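Okay, structure first, notes after.
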Amino acid sequence: MAEKIYLSSPHMSDEGFEMEYIKEAFATNWIAPLGPNVNEFEKEFAVKVGAKYAAAVNTGTAAIHLALRAVGVSEGDIVFCPSLTFSATVNPIIYEKAIPVFIDSDEETWNMCPIALEAAFLKYPQVKAVIVVHLYGLSADMDKIMAICNHHGVTVIEDAAESLGTLYKGRQTGTFGEYGVFSFNGNKIITTSGGGMLVSDNQERIEKVRFWSTQSRDSARHYQHSELGFNYRMSNISAGIGRGQLKVLDQRIAKKIYLLNFTSKSWKNYQGLNLLPINHWNEPNYWLSCITLDGSIKPLEIIEALEGENIESRPLWKPMHQQPFFEWCDFIGGIVSEKLFNSGLCLPSDTKMTDSDQKRICQIIKGL
Ligand SMILES: *Cc1c(COP(=O)(O)O)cnc(C)c1O
């Protein structure tokens with residue numbers, strides 16, 4: 001069987017940048033959830049995205065969790081978030097015993113619909129925080145969303161786990177809200193095997209997040225705690241990988257653009273195949289090449305045909321309001337997220353793919 005083609009798999013630099021940082025960590029015995037790579041990764045990352053401060057943690061999910069705590073979300077609070085997302089956006093709301101309210105997508109962006117968001121504010125004026133997601137590297141319409149949230153005086157957390165490097169009107173996603181969250185899980189555009197970053201211009205809150213992420217140890221010789229702690233800090237080894245990966249982020253984005261353009265050219269003349277929405281104000285990182293189908297062929301047929309050839313593809317995220325675990329939660333909007341789920345899929349978008357891999361994929365799909 002032909003070698004497996006992945007949706008999006010880890011891709012270390014050809015130059016071996018990551019290994020240099022890891023070797024240094026070994027040589028100096030910094031094998032711990034702290035160390036020089038962690039500090040430097042935070043600084044380099046903050047510069048890259050244009051945020052003032054950054055706290056490195058062991059997952060993107062942990063970064064969302066601590067962002068919610070930094071906002072002061074607690075039991076019974078309402079938090080708005082999009083329905084079309086990965087469950088990691090929502091789970092931390094539940095960790096804090098707060099209540100998610102799901103917002104529908106906008107067809108023009110696939111992300112949080114500003115009209116549905118406005119309607120949600122009417123129904124829940126007491127809402128404590130809004131989590132905006134930039135799905136598949138596409139930016140949400142941040143001018144509209146920030147205007148609504150600022151008008152209501154509610155804090156915005158951006159889940160930019162999938163959109164590192166994406167620009168909205170020239171500015172990095174993750175830097176519009178009070179907090180921005182990034183993920184370095186193995187499938188993301190750059191990876192540390194597992195890891196996350198929380199960015200903010202609020203120094204005091206970022207320092208607090210670092211404190212919480214290392215078990216909330218008060219400055220005393222003995223172990224003294226006046227707050228609940230978490231073991232969420234990033235390891236010095238992971239941070240070394242992250243520093244190396246950050247150097248090739250622009251290369252990875254360039255390749256993702258190349259992959260999508262290849263798909264787009266191959267299918268110029270095919271009716272019923274639509275690429276993800278590309279708005280003039282958006283410069284996506286094209287993390288995954290996503291399409292929707294409105295002809296007779298169904299996403300599952302493509303997924304199964306590719307699977308038969310050892311090629312990985314996936315449906316779009318299943319909306320949270322359709323998930324058994326979140327059935328009890330309110331949903332504001334129409335059928336956009338549901339329609340996207342039913343008609344869309346993510347094609348292989350691995351940056352290690354060659355032109356012949358892509359031709360093979362197109363041949364299989366055209367065969368249908
Ligand atoms: C990957 C992802 C996360 C969580 O990141 P982890 O590092 O895997 O915990 C959160 N939100 C979205 C939208 C994601 O895709």
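Order of listing sets the numbers, starting from 1, for every ligand and every atom in it. Model, not experiment: these values are computed from the prediction.
Below 4.0 Å from some heavy atom of T85 lie the following atoms of ligand 1, by number and element: 13 (C). Atoms of ligand 1 lying under 4.0 Å from any heavy atom of F86, numbered from 1 in the order shown and given with element: 2 (C), 14 (C). The atoms of ligand 1 that sit less than 4.0 Å from any heavy atom of T89 are 11 (N), 13 (C). Each of the atoms 2 (C), 3 (C), 10 (C), 11 (N), 12 (C), 14 (C) of ligand 1 lies under 4.0 Å from some heavy atom of A161. Every atom of ligand 1 with a heavy atom of T61 under 4.0 Å away is listed here by number and element: 4 (C), 5 (O), 6 (P), 9 (O). Residue-ligand proximity, N185 to ligand 1, at heavy-atom distances under 4.0 Å covers atoms 7 (O), 8 (O). Proximity to G60 (heavy-atom distance under 4.0 Å) selects the following atoms of ligand 1: 5 (O), 6 (P), 7 (O), 9 (O). Atoms of ligand 1 found under 4.0 Å from any heavy atom of G195 (numbered from 1 in listed order, with element): 7 (O).
Looking only at heavy atoms of the protein, atom 15 (O) of ligand 1 is closest to E162 OE2, 2.5 Å.
Note that CE of M112 and OG of S337 are 11.5 Å apart. Values are rounded to the nearest 0.5 Å.
Annotation for A140 and W281: closest pair O-CZ3, 3.9 Å, computed over non-hydrogen atoms. Closest of all the heavy-atom pairs between Q251 and E15 is NE2-OE2, 4.0 Å. Closest heavy-atom contact between N285 and K256: O-CB, 3.3 Å.
The distance criterion of under 3.5 Å between nitrogen or oxygen atoms is met by K188 with respect to ligand 1.
In D159, the part holding a heavy atom less than 4.0 Å from any atom of ligand 1 is the side chain. Of all the heavy atoms of V181, none lies under 4.0 Å from any atom of ligand 1, so neither backbone nor side chain is involved.
Closest to atom 4 (C) of ligand 1 by heavy atom, among S87, A62, A63, A88, is A88. When S183, S163, A160 are ranked by how near their heavy atoms come to atom 5 (O) of ligand 1, first place goes to S183.
With contacts defined as side-chain heavy-atom distances shorter than 4.5 Å, the pair I93/E96 does not qualify.
Under the 4.0 Å criterion applied to side-chain N and carboxylate O atoms, D250 and K255 are not assigned as salt-bridge partners. R243 has no carboxylate O lying under 4.0 Å from a charged side-chain N of E18, or vice versa, which leaves the two without a salt bridge.
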*Test Y124 against D330 for side-chain hydrogen bond (donor to acceptor under 3.5 Å, both in side chains), laying out the working first.*
CA-CA 11 Å; Y124 299 100; D330 200 3; 2.6 Å; yes

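With 3.5 Å as the limit, one finds no donor-acceptor pair spanning the side chains of H225 and S216.
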